[in-house]
Asker: 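Submitted below is the structure of interest, expressed as structure tokens.
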Amino acid sequence: MKYQIIGEKEIPNIPWQDKPAGCSDVVWRYDANPIIQRDILPTSNSVFNSAAVPFGDGFAGVFRVDDKARNMELHAGFSKDGINWDINSERITFETDIPEMQTFCYGYDPRVVFIEDRYYVTWCNGYKYRPTIGVAYTYDFKTFHQLENAFLPFNRNGVLFPRKINGNFAMLSRPSDSGHTPFGDIYYSESPDMTFWGKHRHVMSPSMGWESTKIGAGPIPIETSEGWLMFYHGVLTSCNGFVYSFSAALLDKDEPWKPVKRGKEYLISPQKLYECVGDVPNVTFPCANLVDAKTGRIAIYYGCADTCTSLCFTTVDDVIDYLMNNSQI
């Protein structure tokens, strides 16, 4: 590999498909997408914007499942290969001794990361039916312990870094409003204990046409020799509504609120039928990446049209080379 991946383990069974012959794209789609259909559960209307991590000999994840009453809920699931998933039929019931956290309103768009000795889950949590960032941890994806919400409403896209920075937990987020927010910048925050969050720093604002309305952090950032590799989504307001695409950026290793490189163009945009047609048309929304430290392979899970879940692939060399030669910074 040209660029070093730091802190990641080898995943010899990472979901993978080689780049098709003649393909010049930096990121390419799995040819059997979508990997999770909307009706994988008898009760599911849709399964999308979900997170997966290595677990045991296989993989575990937390999935956004909207049921047939259109409740937005979180379900745990397991897989041997990262492609074929067994998703629990019942939603996650979070354990907590905090009275204010004991009423579940809704939950969506989870991220999952292993930090030190446990897996942390962040998601858009309904607090008094207002969106903020929920936080919980688990050791086994069977029992989940909920902590305090990270921030006041309104906030979305809470994405933790996989290790402490400056001795503190670190998170990216996107302050929002109570609805379909027509704005959004990425911010960085730190916490000594996963309860009190501060040292808020601005990271990036919307910029190019494909991301001119709002942006938000996607999967867990990947530490590399060149800085933190972050995939992020960007939204264009078209004459027919929002269009969600995604690209990548490099953040400074020691001061991650400082972008070093930032893609000029999207890497994936809604172009396939399953990305363009669904409950919310024209959405490609990344929430998780698996990284194999030995080969540099990256598998990205992304939601499609707020309906189903798909996979795409790249390598750390492909993405960083692209950023080095096609940065808007």
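What you see is a predicted model; the values in this text were computed from it and never measured.
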Asker: Tell me, please, which residues at least two apart from Lys164 pass side chain to side chain donor-acceptor pair (under 3.5 Å).
Answerer: none
Asker: Decide side chain to side chain contact (heavy atoms under 4.5 Å, CB included) for Thr122 and Met171; before the verdict, give the C-alpha distance in whole Å, the side-chain angles of both, and the deciding distance to 0.1 Å.
Answerer: CA-CA 10 Å; Thr122 56; Met171 186 189 297; 4.1 Å; yes
Asker: Considering only heavy atoms from C-beta outward, does the side chain of Met194 approach that of Val135 to under 4.5 Å?
Answerer: yes
Asker: Return yes if a side-chain donor-acceptor contact under 3.5 Å exists between Asn166 and Glu190, otherwise no.
Answerer: yes
Asker: Is the closest side-chain heavy-atom distance between Met230 and Ile220 below 4.5 Å?
Answerer: no
Asker: Quick one: SG on Cys308 to CD1 on Ile35, what's the gap to the nearest 0.5 Å?
Answerer: 10.0 Å
Asker: Among residues at least two apart in sequence or on other chains, which ones pass side chain to side chain donor-acceptor pair (under 3.5 Å) with Glu255?
Answerer: Lys258
Asker: Could I get the full list of salt bridge (Lys or Arg N to Asp or Glu O under 4.0 Å) partners for Arg29, not counting sequence neighbours?
Answerer: Glu275
Asker: In the hydrophobic clustering (ILVMFWY, side-chain contacts below 4.5 Å, transitive), which residues join Tyr127, or is it alone?
Answerer: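 Its cluster partners, ordered by chain and number, are Ile98, Met101.
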Asker: Side-chain heavy atoms under 4.5 angstrom apart, residues restricted to Ile, Leu, Val, Met, Phe, Trp, Tyr: same cluster for Val113 and Val203?
Answerer: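 In one cluster: yes.
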Asker: Report yes or no: do Asn71 and Asp66 form a side-chain donor-acceptor pair below 3.5 Å?
Answerer: no
Asker: With no hydrogens and no angle check, do the side chains of Thr224 and Glu226 hold a donor and an acceptor under 3.5 Å apart?
Answerer: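 Not at all, the side chains of Thr224 and Glu226 share no donor-acceptor pair under 3.5 Å.
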Asker: What is the minimum heavy-atom distance between Tyr266 and Gln271, and which atoms define it?
Answerer: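 Result for this residue pair: OH-NE2, 3.3 Å.
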Asker: Anything under 30° is parallel, anything over 60° is perpendicular, the rest tilted; go ahead and classify Trp85 against Phe63.
Answerer: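 Perpendicular: the ring planes of Trp85 and Phe63 meet at over 60°.
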Asker: Could you give the distance from CG (Asn282) to SG (Cys276), rounded to the nearest 0.5 Å?
Answerer: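 Going from CG on Asn282 over to SG on Cys276, the span is 5.0 Å.
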Asker: Please enumerate all residues that pass side-chain contact (heavy atoms from CB on, under 4.5 Å) together with Pro20, with sequence neighbours excluded.
Answerer: Cys23, Trp28
Asker: Which ILVMFWY residues are connected to Val235, directly or by a chain of links, through side-chain heavy atoms under 4.5 Å apart?
Answerer: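 Hydrophobic cluster check, Val235: joined to Phe242, Tyr244, Val280, Val283, Phe285.
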Asker: Minimum heavy-atom separation for Pro175 and Phe183, please, with both atom names.
Answerer: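 That closest heavy-atom pairing would be O-CE1, 3.9 Å.
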Asker: Under a 4.5 Å cut-off applied to non-hydrogen side-chain atoms, are Lys264 and Ser327 in contact?
Answerer: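 Sidechains of Ser327 and Lys264: no contact.
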Asker: Over all heavy atoms of both residues, which pair between Ala52 and Ala288 is shortest? Give the atoms and the distance, please.
Answerer: N-CB, 3.5 Å
Asker: I need the full list of side-chain hydrogen bond (donor to acceptor under 3.5 Å, both in side chains) pairs touching residues 87-105, with sequence neighbours left out, sorted by first then second residue.
Answerer: none
Asker: Treating Tyr188 as the side-chain partner and Lys199 as the backbone partner, does any N or O pair qualify as donor plus acceptor under 3.5 Å?
Answerer: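 Looks like no, no N/O pair under 3.5 Å.
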Asker: Could you check whether Asp81 and Ser79, counting side-chain N and O atoms only, form a donor-acceptor pair closer than 3.5 Å?
Answerer: yes
Asker: Can you establish whether the number of heavy atoms outside Lys272 located under 6.0 Å from its atom NZ is more than 12?
Answerer: no
Asker: Specify whether Phe141 and Phe78 have parallel, tilted or perpendicular ring planes, treating 30° as the upper limit for parallel and 60° as the lower limit for perpendicular.
Answerer: perpendicular
Asker: Rounded to the nearest 0.5 Å, what separates atom CD1 in Ile165 from atom CG in Leu251?
Answerer: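 Going from the CD1 atom of Ile165 to the CG atom of Leu251 covers 9.0 Å.
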Asker: Any chance the rings of Trp123 and Tyr108 have centres within less than 6.0 Å?
Answerer: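 Distance test on ring centres: not under 6.0 Å, no.
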Asker: Between the side chain of Ser50 and the main-chain N/O of Arg64, is any donor-acceptor distance below 3.5 Å?
Answerer: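 Confirmed, Ser50 side chain pairs with Arg64 backbone.
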Asker: Give me the other members of the hydrophobic cluster that Val291 sits in, counting Ile, Leu, Val, Met, Phe, Trp and Tyr linked by side-chain heavy atoms under 4.5 Å, directly or via other members.
Answerer: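 Besides Val291, the cluster holds Met1, Tyr3, Ile5, Val26, Val27, Ile222, Leu229, Phe231, Phe246, Leu250, Val260, Leu267, Ile268, Tyr274, Ile298, Ile300, Tyr302, Val316, Val319, Ile320, Tyr322, Leu323, Met324.
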Asker: Is any side-chain heavy atom of Ser173 less than 4.5 Å from a side-chain heavy atom of Phe151?
Answerer: yes
Asker: Please evaluate residues Lys2 and Asp318 with respect to the criterion salt bridge (Lys or Arg N to Asp or Glu O under 4.0 Å), reporting the C-alpha separation (whole Å), side-chain torsions for both, the decisive distance (0.1 Å), and the verdict.
Answerer: CA-CA 10 Å; Lys2 183 176 180 180; Asp318 283 334; over 6 Å; no
Asker: Would you say Thr213 and Thr237 are linked by a side-chain donor-acceptor pair, where the criterion is simply a distance under 3.5 Å?
Answerer: yes
Asker: Here's one to test your reading of the geometry: is the NZ or CZ of Arg118 within 45 degrees of the ring axis of Tyr137 and under 6.0 Å from its centre?
Answerer: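 So Arg118 does make the cation-pi contact.
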Asker: Return the minimal non-hydrogen interatomic distance between Tyr301 and Pro15, and the atom names on each side.
Answerer: OH-CG, 3.7 Å
Asker: Might you work through the side chain to side chain donor-acceptor pair (under 3.5 Å) test for Asn326 and Glu265, ending with a clear yes or no?
Answerer: CA-CA 8 Å; Asn326 298 278; Glu265 305 163 329; over 6 Å; no
Asker: Looking at Thr143, is its backbone amide N or carbonyl O close enough to the side chain of Asp140 to form a donor-acceptor pair, meaning the two atoms are under 3.5 Å apart?
Answerer: yes
Asker: Around Asp117, counting heavy atoms of other residues, nucleotides and ligands shown, do more than 12 lie under 6.0 Å from its CG?
Answerer: yes
Asker: Could you walk me through whether Phe313 and Arg297 pass the side chain to side chain contact (heavy atoms under 4.5 Å, CB included) check?
Answerer: CA-CA 8 Å; Phe313 307 103; Arg297 292 174 171 178; over 6 Å; no
Asker: Distance-only, no hydrogens or angles: does the Thr307 side chain make a donor-acceptor pair with backbone N or O of Ala305 under 3.5 Å?
Answerer: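 Side chain of Thr307 to backbone of Ala305: a pair is present.
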Asker: Working note: Leu74 + Val65, criterion side chain to side chain contact (heavy atoms under 4.5 Å, CB included); need CA distance, chi angles, decisive distance, verdict.
Answerer: CA-CA 6 Å; Leu74 302 177; Val65 178; over 6 Å; no
Asker: Would you say the side-chain atoms of Asp279 and Asn45 include a donor-acceptor pair closer than 3.5 Å?
Answerer: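 Asn45 and Asp279 do have a side-chain donor-acceptor pair below 3.5 Å.
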Asker: Taking it one step at a time, do Ile215 and Met204 satisfy side chain to side chain contact (heavy atoms under 4.5 Å, CB included)?
Answerer: CA-CA 8 Å; Ile215 57 175; Met204 299 192 322; 3.7 Å; yes
Asker: Suppose we screen for side chain to side chain donor-acceptor pair (under 3.5 Å). Which residues come up paired with Asp306, at least two apart in sequence or across chains?
Answerer: none
Asker: The criterion is ring-ring contact (aromatic ring centres under 6.0 Å, His included); which residues satisfy it with Phe114, sequence neighbours excluded?
Answerer: Tyr119
Asker: Linking directly or through intermediates, with side-chain heavy atoms under 4.5 Å: list the remaining ILVMFWY members grouped with Phe48, chain and number order.
Answerer: none
Asker: Calculate, to the nearest 0.5 Å, the distance between atoms OH and CG belonging to Tyr30 and Leu311 respectively.
Answerer: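 That separation rounds to 8.0 Å.
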Asker: Will you find, in the side chains of Tyr232 and Glu211, an N or O donor that is under 3.5 Å from an N or O acceptor?
Answerer: yes
Asker: Taking atom types as modelled, is there a side-chain donor on Arg174 or Asn155 under 3.5 Å from an acceptor on the other?
Answerer: no
Asker: Atom OH of residue position Tyr120 - does it have more than 12 heavy atoms of other residues, nucleotides or ligands inside 6.0 Å?
Answerer: yes
Asker: How many angstroms lie between atom CH2 of Trp197 and atom CG of Asp193, to the nearest 0.5 angstrom?
Answerer: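 Atom-to-atom, Trp197:CH2 and Asp193:CG are 9.0 Å apart.
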Asker: Find the distance between NE2 (His75) and CD1 (Ile87) and round it off to the nearest 0.5 Å.
Answerer: 8.5 Å
Asker: Which side-chain hydrogen bond (donor to acceptor under 3.5 Å, both in side chains) pairs, counting each pair once, include a residue from residues 176-185, with sequence neighbours left out?
Answerer: Arg156-Ser176, Arg156-Thr181, Asp177-Thr181, Asp185-His202, Asp185-Ser205
